[in-house]
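So the structure is just underneath, and the comments pick up after that.
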Amino acid sequence: MWNLKSRPKVGLGWGLRAMPELPEVETVASDLRAHLTGRRIVGVTVNWQRSIARPSHEEFIQQVIGCQVRSVSRRGKYIVIELDRGYLLVHLKMSGRLQLVPAMQPLDTHLRVVFDLDDGHQLRFQDTRKFGRLYLVDDPHQVTAGLGPEPLADNFTLDDFRELLVRRTGRLKPLLLNQSFLAGLGNIYADESLFAAGLHPLRKADSLTLAEQALLYRAIRTVLSGAVAGRGTTLSDGGYTDAAGQAGTFQHRIAVYGRTGKPCHRCQTPIERIVLGGRSAHYCPVCQVV
DNA sequence: AAAGCACCCTGTACGC
DNA sequence: TGCGTACAGGGTGCTT
């Protein structure tokens with residue numbers, strides 16, 4: 001176990017990393033949309049071949065050069081760049097960043113893929129941990145087919161959510177992380193949504209009352225839309241930044257994630273941490289009922 | 001369907 | 001000071 005007293009108490013530290021989830025990906029996508037739309041890709045450099053998921057890195061380079069960007073959007077945690085020939089999808093995973101910078105700007109560390117654009121800028125994919133992946137496909141569905149609904153979509157209703165929940169018997173926390181159940185939640189916003197709903201991470205999905213189903217539905221939508229408005233969460237490690245390298249603001253509103261041992265904002269009880277399916281879950285043992 | 005695990009990777013922080 | 005090791009994270013794939 002961790003020796004809590006010996007750990008530095010810096011920000012939300014504790015070795016946890018902020019990683020891109022729906023709000024961060026949405027922020028990056030909307031930033032890129034403003035500056036990338038209409039640009040043509042005139043060159044590509046691949047420094048780490050495994051960053052290219054498909055096709056082969058040779059085919060990727062050959063096919064993407066000369067393409068023009070038509071639009072930029074998001075599906076789950078994927079950034080979807082529509083080209084005049086196919087789609088470029090990017091999953092940032094844990095440490096990936098997409099930044100749009102002048103080509104003259106000094107190269108950053110951990111640069112894996114660089115796109116030269118026709119306006120003298122570069123789209124740079126940095127990825128310390130090398131888990132991020134780029135896909136070049138004819139149809140984005142080839143990559144995103146298995147994803148569940150978009151939690152913030154207008155047509156995603158409480159009734160839709162109820163139907164999904166009652167068909168599941170597992171625990172809430174792993175379920176919220178399952179991208180085929182709902183697309184876009186990661187560890188931070190899953191923990192924050194459960195706290196906001198007053199539901200314990202070990203709670204069984206099919207055990208929720210009608211009122212609790214509504215609480216969770218509203219919590220997920222409120223937490224996510226608040227984080228989108230705040231341009232995402234940047235923890236003290238500076239892991240996530242937007243396409244211009246700027247930090248988000250939602251870290252100031254984090255209630256439980258990474259706050260193990262610190263007082264609950266509502267009842268002052270120390271926040272607890274458990275491990276579920278190899279992932280940490282943070283919660284208030286008083287405010288969140290099993 | 002659910003739960004557990006290893007894997008991919010590296011920076012950080014720890015113990016010695 | 002320096003070295004070895006545990007650990008965090010998302011998603012996939014495998015096994016139970």
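Here the structure is a predicted model, which means the values were calculated and not measured. Per chain, numbering begins at 1; letters A, B, ... match sequence-line order. Computed over heavy atoms, backbone and side chain alike; hydrogens, waters and symmetry mates excluded.
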Between atom CD1 in A:Ile274 and atom P in B:dA3, what is the gap in whole Å?
12 Å
Distance alone, cut at 3.5 Å: any donor-acceptor contact between the side chains of A:Tyr189 and A:Glu24?
yes
Using only side-chain N and O atoms of A:Lys77, determine if any of them is under 4.0 Å from OP1 or OP2 of C:dG11.
yes
Tell me whether the OP1 or OP2 atom of B:dA3 has a side-chain N or O from A:Arg279 closer than 4.0 Å.
no
Would you verify whether the NZ or CZ of A:Arg221 falls within 45 degrees of the ring axis of A:Phe156 while also being under 6.0 Å from that six-membered ring's centre?
no
Between B:dC8, C:dG10, B:dT10, which nucleotide gets closest to the side-chain atoms of A:Thr128?
B:dT10
Any ion pair linking A:Glu150 and A:Arg75 (charged N to carboxylate O, less than 4.0 Å)?
yes
Show me the donor-acceptor pairs, under 3.5 Å and distance only, between side chains in residues 130-137 of chain A and residues at least two apart or in other chains.
unit_1	atom_1	unit_2	atom_2	d
A:Arg133	NE	A:Arg50	O	3.0
A:Arg133	NH1	A:Arg50	O	3.1
A:Arg133	NH1	A:Lys130	O	3.0

Taking NZ, NE, NH1 and NH2 as the nitrogens, is one of them in A:Lys173 or A:Asp191 under 4.0 Å from a carboxylate oxygen of the other?
yes
Has A:Arg112 got a side-chain N or O lying under 4.0 Å from the OP1 or OP2 atom of B:dC9?
no
Look at the side-chain N and O atoms of A:Lys173 and state whether any lies under 4.0 Å from the OP1 or OP2 oxygen of B:dA3.
no
A:His110 side-chain N/O to B:dC9 phosphate OP1/OP2 under 4.0 Å:
no
Could A:Asp84 and A:Arg40 be called an ion pair, given the rule that one side-chain N must be under 4.0 Å from one carboxylate O?
yes
Contact summary for A:Thr37 and A:Ser71, nearest pair of heavy atoms:
OG1-CA, 4.5 Å
Name the closest nucleotide to the A:Arg168 side chain, picking from B:dA2, C:dA8, B:dG4.
B:dA2
d(CG, A:Asp191; P, C:dG10) in whole Å
10 Å
Atom CZ of A:Arg129 and atom P of C:dT12 are separated, to the nearest Å, by 19 Å
The helix from B:dA2-C:dT16 to B:dC16-C:dG2: angle between end helix axes, five pairs per end, rounded to 10 degrees:
50°
Please determine if a side-chain N or O atom of A:Lys130 lies less than 4.0 Å away from the OP1 or OP2 oxygen of B:dC8.
no
A:Asn187 side chain, from C-beta outward: closest of B:dA1, C:dG10, B:dG11
C:dG10
Quick one: A:Lys93 NZ to C:dA8 P, roughly how many Å, whole number?
19 Å
Figure out the CZ/P separation between A:Arg50 and C:dG11, and round it to whole Å.
18 Å
Would you mind telling me which of C:dG10, B:dA3, C:dA8 lies closest to the side-chain atoms of A:Glu21?
C:dG10
Please report, rounded to the nearest Å, how far the C1' atom of B:dG4 is from the CG atom of A:Asn178.
15 Å
When A:Pro174 and A:Phe131 are each assigned the nearest nucleotide of DNA chain B, the 5'-most assignment goes to A:Pro174
Nearest-Å distance for atom pair CG/C1', residues A:Leu175 and B:dG4:
16 Å
Applying a 4.0 Å non-hydrogen cut-off, can you work out what A:Gly170 is touching in the nucleic acid: base, sugar-phosphate, or nothing?
sugar-phosphate
Return the nearest nucleotide to the side chain of A:His91; candidates are C:dA8, C:dG11, B:dC8.
C:dG11
Does any donor-acceptor pair link the side chain of A:Arg133 with the base of C:dG11 at a separation under 3.5 Å?
no
Summary of ring-ring contact (aromatic ring centres under 6.0 Å, His included) pairs that have at least one residue in residues 40-71 of chain A, sequence neighbours excluded:
none
Using whole Å, what does the distance between atom P of nucleotide B:dC9 and atom CD of A:Gln126 come to?
18 Å
